[in-house]
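Input: a single structure, listed below in structure tokens.
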Amino acid sequence: MLPRSICLAARGKHRYFPSSTNRKPDMSKQKAPTDNTPHDNANDNAKVQALEPFREDGTDQLLTTNQGLPINDNQNSLKAGPRGPSLLEDFILREKITHFDHERIPERIVHARGAAAHGYFQAYASAAAFSRAKFLQDPSVQTPVFVRFSTVAGSRGSTDLARDVRGFAVKFYTEEGNFDLVGNNMPVFFIQDAIKFPDLVHAVKPEPHNEIPQAASAHDTFWDFISLMPESMHMIMWVMSDRAIPRSYRMMEGFGVHTFRLIDAQGVSRFVKFHWKPLLGIHSVLWDEAQKISGKDADFHRRDLWEAIEAGGFPEWELGIQVVEEKDEHKFDFDLLDPTKLIPEELVPVQRIGKLTLDRNPDNFFAETEQVAFHPGHIVPGIDFSSDPLLQGRLFSYTDTQLSRLGSPNFHEIPINRPIAPLHNNQRDGHMRQTINKGRVSYEPNSIGGGCPMQAKADWGGFVSYAERIDAHKVRARSASFFDHYTQARLFYISQSATEQDHVVQALRFELSMVKIREVRERMLVHLTQIDTGLASKVAEGLGMKIPNKLDKPLNMSIPADGDVEAHQPKPVNLKVNPSPALSMANTPKEGIKTRKIAVLAADGVDGADLSAMQQALEKEGAQAFVIAPHMGSITAENGEAIEADFSLLTAASVMFDAVYVPGGAESVTALTQEANAIHFVNEAYKHCKAIAATGAGVDLLQASYVAQHPTLAKQNGKTSDNEGIIIGQTDKNITTDFIQAIAQHRHWSRETKAKIPA
Ligand code: HDE
């Protein structure tokens with residue numbers, strides 16, 4: 001038996017071990033358990049297990065080169081004498097530096113910034129009535145998934161809180177092969193045809209001459225393009241709404257966007273739209289908050305996902321489908337193939353058919369989150385494509401982009417991309433090939449290999465494309481059924497609550513105020529007038545502009561083959577469209593406070609009983625309470641108890657939390673009222689319409705802030721709570737139930753316009 005490992009002995013104390021130590025690690029232990037494995041609670045699904053042979057753990061191991069040679073000195077390069085020069089012979093130095101020089105791969109051209117997690121999908125019941133896909137048949141089967149969320153426009157290092165669409169890409173590792181549902185958190189898209197995608201992305205990315213601005217659409221080139229693309233107006237309404245600044249990845253909806261097909265065992269095809277419905281409801285932050293979070297914690301969403309999973313608050317979504325029979329394809333006043341349109345849930349209800357749970361963080365960001373390669377063309381029998389021209393273009397793009405990003409046609413061999421279903425074909429060789437294919441045969445048909453691997457009949461699970469009948473001329477054209485660009489933009493706007501509408505107005509004012517070219521702003525105002533005259537005039541007021549009567553440029557710049565430019569202009573808006581309540585976040589479930597983060601402001605002398613009673617009540621409901629004190633370390637409560645601070649007022653900001661609680665304790669509250677950061681904390685939480693509670697002397701801190709203006713504060717005695725999220729307990733300190741209910745509301749919007757807080 002070799003001596004016990006140095007690493008094991010010193011772990012937790014030192015990170016650095018001088019090579020002069022004379023104790024040798026136990027090399028017989030190939031995989032020692034780590035002392036802080038974050039995944040104990042994870043569901044050990046088939047994909048998670050399949051990744052095991054690829055996981056590496058240096059615990060209790062010697063440092064080696066990539067060839068397995070133990071390294072004796074990792075501090076000094078090989079030199080001719082201690083003062084050099086260095087020698088070319090130093091293969092250890094060269095190997096290390098060469099590997100380092102090549103550590104980066106190109107970031108994704110879009111969706112570069114993201115975070116991901118493992119989990120599983122489980123059907124509620126068999127969906128055989130719609131699809132033969134195996135992973136949708138048996139409610140006892142858990143299908144492993146890997147899900148990556150992302151922003152679109154920013155670079156890998158950009159802020160999570162950019163105003164942007166969020167990617168919501170799900171890879172199902174099914175027993176019939178991988179199925180990727182590569183969606184977004186908005187159900188429509190900017191453009192109708194894939195040929196416009198490079199233009200859209202060039203327009204929104206930082207401008208080419210100075211690479212400004214990063215991860216922002218508020219600049220000339222984006223709005224120049226948009227103002228010439230009326231088809232983008234519906235998506236613009238979504239992107240200007242608070243959906244573009246989610247509170248958490250865990251609180252976003254997801255959408256497949258395009259119409260797909262479901263195929264049942266009899267080969268019958270139905271159209272389908274895919275939805276993900278978050279069980280925590282759909283919630284967002286305010287734009288002012290988003291901008292501040294970008295400075296205080298640019299990793300806000302990434303951290304939120306990671307921490308929720310580590311704490312066992314596993315995010316969940318239900319998979320929903322809207323199914324349309326083939327015969328009903330043309331019964332809508334929009335085209336199902338047009339990706340700028342949604343099917344209102346009131347017209348075709350969303351049927352919830354299963355649940356997605358994320359329960360394990362990746363072990364390594366690069367190996368998993370960065371190298372995962374999604375593709376809408378990764379499908380399984382029972383699911384098929386529609387002719388949506390945007391989807392059709394995507395089917396080309398995603399393999400192509402992996403070739404440049406991951407550098408080899410063997411990207412499917414990267415562990416995170418491997419299916420759990422067996423894979424056999426005659427594709428061979430290429431950069432970094434991992435598979436060692438045996439035998440002489442790499443072609444089909446063959447007799448030498450007994451004809452193997454052989455084609456699978458449909459009833460053996462072989463994929464057969466849906467035999468859609470197509471009888472058409474080859475044309476570069478767009479169907480006239482795609483020309484109503486304003487009605488669903490209006491549908492979205494009129495379906496929003498007054499607060500949500502106001503936020504759309506504010507967002508447009510902000511974005512267009514950043515546009516320097518007046519004509520671009522004018523064009524946008526004309527489009528907005530088509531959507532809603534009230535919206536247009538409010539935006540115009542913010543811009544200090546008059547709405548022009550007509551556009552200065554013709555739209556839909558292509559010259560139609562039939563030469564009839566007029567017939568290719570946008571159709572007038574249908575003013576009679578009915579609102580769709582499902583489109584408003586105001587109607588989202590607000591049932592609990594699970595995983596919500598509550599700031600508890602405290603200093604020496606805090607009423608420890610108040611604090612811990614509240615902390616326990618919040619934690620019982622699945623929320624987390626964090627003590628924020630003037631300094632790190634511990635504070636001493638009134639009763640002498642030491643309470644550890646989670647943050648100091650320097651490292652925490654109200655924008656990182658969902659609600660604020662100020663416990664009593666005269667000394668604590670006096671100290672906090674003298675801290676500008678504590679008062680700012682309360683002011684900002686008040687401004688952002690968050691629930692705020694105080695007990696006993698804690699009310700004095702609210703009195704020292706702008707919350708003092710709030711009517712509830714006028715009542716000084718007993719328990720007071722209102723419908724506006726301000727809860728105070730003077731003599732009756734039992735306010736936990738009211739506070740919990742107030743947090744569950746997410747925000748108290750009625751305060752927003754009344755409160756004028758310069759925070
Ligand atoms: Fe993508 N998109 N996209 N996209 N997309 C990519 O693929 C593309 C579109 C979406 O987390 C790229 O691997 C084209 C719609 C997500 O890794 C690239 C068109 C929707 C992700 C690409 C679209 C999406 C991507 C960049 C128009 C919602 C991130 C890196 C024809 C339904 C996946 C990559 C991840 C990523 C092309 C439009 C969703 C270049 C050409 C619509 C969630 O292939």
Side-chain angles (χ1 to χ4, degrees), residues 105-118 145-156 160 164-171 178 180-205 229 231-232 234-235 238-239 243 246 249 252-260 272-276 301-302 305 337-342 358 362 365-379 385-407 411-412 414 416-417:
I105 61 170
E107 65 175 31
R108 288 167 175 83
I109 173 83
V110 282
H111 297 266
R113 169 87 185 163
H118 293 273
V145 299
F146 190 65
V147 180
R148 183 173 179 271
F149 305 103
S150 47
T151 54
V152 177
S155 299
R156 258 191 73 181
D160 280 344
D164 201 351
V165 197
R166 298 298 183 286
F168 192 133
V170 182
K171 189 180 284 292
N178 289 351
D180 292 356
L181 186 51
V182 197
N184 279 345
N185 75 329
M186 297 177 189
V188 291
F189 202 63
F190 295 95
I191 49 171
Q192 295 175 324
D193 192 307
I195 202 164
K196 298 312 298 166
F197 192 64
D199 299 295
L200 167 73
V201 176
H202 289 173
V204 72
K205 283 272 182 182
M229 295 291 289
E231 69 202 59
S232 64
H234 185 193
M235 182 65 167
W238 284 82
V239 178
R243 299 267 186 158
Y249 290 140
M252 313 187 302
E253 281 182 297
F255 302 90
V257 176
H258 315 280
T259 299
F260 287 83
V272 65
K273 293 269 193 193
F274 291 109
H275 295 245
W276 291 111
H301 285 151
R302 179 179 284 193
L305 180 68
L337 303 185
D338 173 356
T340 66
K341 305 296 184 299
L342 54 82
L358 298 182
F365 186 91
F366 180 83
E368 299 174 76
T369 309
E370 193 60 15
Q371 293 202 112
V372 65
F374 291 95
H375 185 359
H378 294 163
I379 51 166
F385 315 117
S386 73
S387 303
D388 172 342
L390 195 68
L391 173 60
Q392 295 282 320
R394 292 180 72 201
L395 295 177
F396 163 74
S397 175
Y398 287 68
T399 310
D400 188 46
T401 205
Q402 311 312 345
L403 292 176
S404 89
R405 201 166 71 78
L406 300 166
F411 64 82
H412 64 282
I414 295 172
I416 193 67
N417 294 326

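Note that ligands are numbered from 1 as they come in the structure, with each ligand's atoms numbered from 1 the same way.
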Electrostatic pair Lys196-Asp199, nearest N-O below 4.0 angstrom: yes

For ligand 1, the portion of Val257 having any non-hydrogen atom under 4.0 Å away: side chain

Polar side-chain atom of Asp164 near backbone of Val152 as donor-acceptor pair, under 3.5 Å: yes

In the structure I gave you, are the side-chain heavy atoms of [X] and [Y] within less than 4.5 Å of one another anywhere?
X	Y	result
Asn417	Val372	yes
Thr399	Phe411	yes
Tyr249	Val147	no

Exceeds 12 heavy-atom contacts within 6.0 angstrom, atom CZ of Phe396: no

Within 6.0 angstrom of Ile109 CD1, more than 12 heavy atoms from elsewhere: no

Could you check [atom] against the protein and tell me its nearest heavy-atom contact, residue, atom and distance included?
atom	answer
atom 13 (O) of ligand 1	Gln402 NE2, 2.9 Å
atom 34 (C) of ligand 1	Thr401 CG2, 3.3 Å
atom 18 (C) of ligand 1	Ser397 OG, 3.8 Å
atom 40 (C) of ligand 1	Ile109 CG2, 3.4 Å
atom 10 (C) of ligand 1	His111 NE2, 3.3 Å
atom 43 (C) of ligand 1	Gly183 O, 3.1 Å
atom 35 (C) of ligand 1	Arg148 NH1, 3.2 Å
atom 32 (C) of ligand 1	Arg394 NH1, 3.1 Å

Ligand 1 to Arg108 polar contact by distance, N or O atoms, under 3.5 Å: yes

Proximity flag [X] to ligand 1, non-hydrogen atoms under 4.0 Å:
X	value
Gly114	no
Phe168	yes
Gly256	yes

Nearest candidate to atom 5 (N) of ligand 1, where distance is taken over non-hydrogen atoms, out of Phe411, Tyr398, Phe197, Phe374: Tyr398

Nearest neighbour of atom 31 (C) of ligand 1 from the list Ala194, Pro106, Ala373, on a heavy-atom basis: Ala194

Atom indices of ligand 1 within 4.0 angstrom of Val110 heavy atoms, with elements: 2 (N), 6 (C), 26 (C), 30 (C)

Side-chain H-bond candidate by donor/acceptor type, Asp388 with His258, under 3.5 Å: yes

Glu368 and His118 side chains, donor-acceptor separation under 3.5 Å: yes

Between CZ on residue Phe385 and OG1 on residue Thr259, distance to nearest 0.5 Å: 14.0 Å

